[in-house]
Number of protein chains: 2
Amino acid sequence: MTKKPTQAALPTATRASAKGPAGSVEAPASNRATRAAERRAAIVEAAMEEFIARGFAATRLDDIAKRAGVAKGTIYLHFKDKESMFEELVRIVIVPVVARLTTLPPPAGSVRDLIEAFAGNFLKEVIGTKRGDLVRLIVAEGPRFPSVADFYYREVVSRGIAAMRALIELGIARGEIREKDLARYPQILVAPAMIAVIWQSLFARHAPLDAQDMLRVHLDLIFGERRTT
Amino acid sequence: MTKKPTQAALPTATRASAKGPAGSVEAPASNRATRAAERRAAIVEAAMEEFIARGFAATRLDDIAKRAGVAKGTIYLHFKDKESMFEELVRIVIVPVVARLTTLPPPAGSVRDLIEAFAGNFLKEVIGTKRGDLVRLIVAEGPRFPSVADFYYREVVSRGIAAMRALIELGIARGEIREKDLARYPQILVAPAMIAVIWQSLFARHAPLDAQDMLRVHLDLIFGERRTT
DNA sequence: TGACTATGACTGACTAGTCAGTCATATATT
DNA sequence: AATATATGACTGACTAGTCAGTCATAGTCA
């Protein structure tokens, strides 16, 4: 009597069901492998949102499962445990971003144009989006997940810094940038953008920030006033 | 069950006025009020360290109690619950910092000197210290503690931005700063310092940052190369 | 093609453990 | 003694991780 092995369970309709809380109607998904991949993607997506909203410790796997429209056990078919799930998640989300960024845009025009295009892209893709919150999440959890911080430094930060430095050196060589020491601290070039990301997720309600315009002013500082053409 | 356990408003001890904070290793502590204040201070100190190291959700009150050399129940003599403890904590730690900062230094010399002195102070007092980690903690937990984010914005950010703006406007009026639009975005002035704080707590092991030097370069950007006087 | 079997993705009730908050008791102060 | 403080064992709500069992699909054979 104590045990009531799963029996009643769902009467029927496990097949076309999916009418779970997930909401979005899953595509037919012909074969098993495809379905599995879809579920995995759903878990990743759901987990990302929960982790961003609550942080690592406060996130419940039950909530992730519910949001993904999946049973809790399913999560463990795809990830070893909560911790390694979090670590893997960051990789999964970041890798494609890095891939896109390393696809450098056409190196035409002035250095300022290059940087402006790059920054504009960054603002559009990161600020106020899921990706921006991910940055904040990494700042938040980094110290407790050295492997995540390491990964992020290796894959994103060090590369970004190197790329910015190259750009700055080009600008100096071309005479567009006067402050030669800037090449030693590419962080300065990027700082306002990072601050904008953090600002938006913390203080947007108090004082929204026009990141695009702020960036323009910052670039004016580095390149000198833009001549209106 | 809808549980409504927490009821008792802050019991007492809120008025435990500031006494000699010096209180270190269990001095006899003559009167009760003093002892209570000491215990409270020990709890605040311990809680701060635990919260910084683990974040809000992952911090155990048992650990705070142990670190403070106090029984768990004692914590509840001083704070209503974990959540309000965290909120109060941020206030307790930040208020004296704000108090110190608003004690403006002698407004002598050039604007650049003013800012440099201010920044130097900031670097020494914040970067790599407990205070720096507190900034990271606020960034991390802010979204989950709107009251903390609000408080921080009101007490620190908005004041800091206003002060910086005043300084920038002075610099523009005196002809030290050429970029007039900078006054619209004091964040640009502060951004590298904030980035330095975050950088140190996340990536110091990979690539330590000479914040002092970076700041010098940044100020060169704003004021023009420094003339060696 | 249709029927029968094998596979493994998926489920969710369950277990073992954790931790915030309580309170009866003990200790210190007046 | 009376009162104010402090203690830490205890409780109950909550959750990460497990696993016996289910069932849609893939594979096999007649």
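Residue H78(A) places at least one side-chain N or O closer than 4.0 Å to OP1 or OP2 of dC10(C). Within the structure, every side-chain polar atom (N or O) of R39(A) is placed at least 4.0 Å from both OP1 and OP2 of dA9(C).
Comparing T59(A) and A71(B) against DNA chain D, the residue whose closest nucleotide sits nearer the 5' end is A71(B). Take the nearest nucleotide of DNA chain D for T74(A) and for L61(A): the residue whose nucleotide is more 5' is L61(A).
As rounded to whole Å, 15 Å separates atom P of dA16(D) from atom CD1 of I43(A). For D63(B) and dA20(C), the CG to P distance is 9 Å, given to the nearest whole Å. The nearest whole Å value for the distance from the CG atom in D62(A) to the P atom in dT11(C) is 13 Å. At whole-Å resolution of the value, NZ in K80(B) and P in dA20(C) are 15 Å apart. The distance between atom CZ of R60(A) and atom C1' of dA16(D), rounded to the nearest whole Å, is 13 Å. Distance CZ (F79(A)) to P (dC10(C)): 12 Å, rounded to an integer number of Å. When the P atom of dT11(C) is taken as reference, atom NZ of K66(A) falls 15 Å away, rounded to whole Å. To the nearest angstrom, P of dC19(C) lies 12 Å from CD1 of I64(B).
Judged as a side chain to side chain contact (heavy atoms under 4.5 Å, CB included), and not counting sequence neighbours, A53(A) has no contacts. Listed by chain and number, the residues in a side chain to side chain contact (heavy atoms under 4.5 Å, CB included) with I198(B) are V139(A), I198(A), L202(B) (sequence neighbours excluded). For R144(A), the side-chain hydrogen bond (donor to acceptor under 3.5 Å, both in side chains) partners at least two apart in sequence or on another chain are E141(A). Shown here are the side chain to side chain contact (heavy atoms under 4.5 Å, CB included) partners of A140(B), two or more places apart in sequence or in another chain: A140(A).
Non-hydrogen atoms lying under 4.0 Å from DNA chain D are contributed by D81(A), K82(A), all within residues 81-92 of chain A.
The side-chain heavy atoms of M85(B) and L61(B), taken from C-beta on, include a pair separated by under 4.5 Å. Residues H218(B) and Y185(A) have side chains not in contact (no heavy-atom distance under 4.5 Å, counting atoms from C-beta outward).
Note on residues 76-99 of chain A: pairs passing salt bridge (Lys or Arg N to Asp or Glu O under 4.0 Å), not counting sequence neighbours, are R40(A)-E88(A). Sorted by first and then second residue, the salt bridge (Lys or Arg N to Asp or Glu O under 4.0 Å) pairs involving residues 192-207 of chain B (not counting sequence neighbours) form an empty list. Each ring pair (Phe, Tyr, Trp, His ring centres under 6.0 Å) pair with one or both residues in residues 119-161 of chain B, not counting sequence neighbours, appears once here: F203(A)-Y153(B), H206(A)-Y153(B), F56(B)-F145(B), F86(B)-F145(B).
Each end of the helix from dT1(C)-dA30(D) to dT30(C)-dA1(D) gets its own axis, taken as the rotation carrying the C1' atoms of four end pairs onto the next four within a five-pair window, and the two axes meet at 10° to the nearest 10 degrees.
Relative to the side chain of Y76(B), the nucleotides dA16(D), dG21(C), dT7(D) differ in distance, and dG21(C) lies closest.
At a threshold of 4.0 angstrom between heavy atoms, the contacts of L77(A) include nucleobase atoms, whether or not backbone atoms are also involved.
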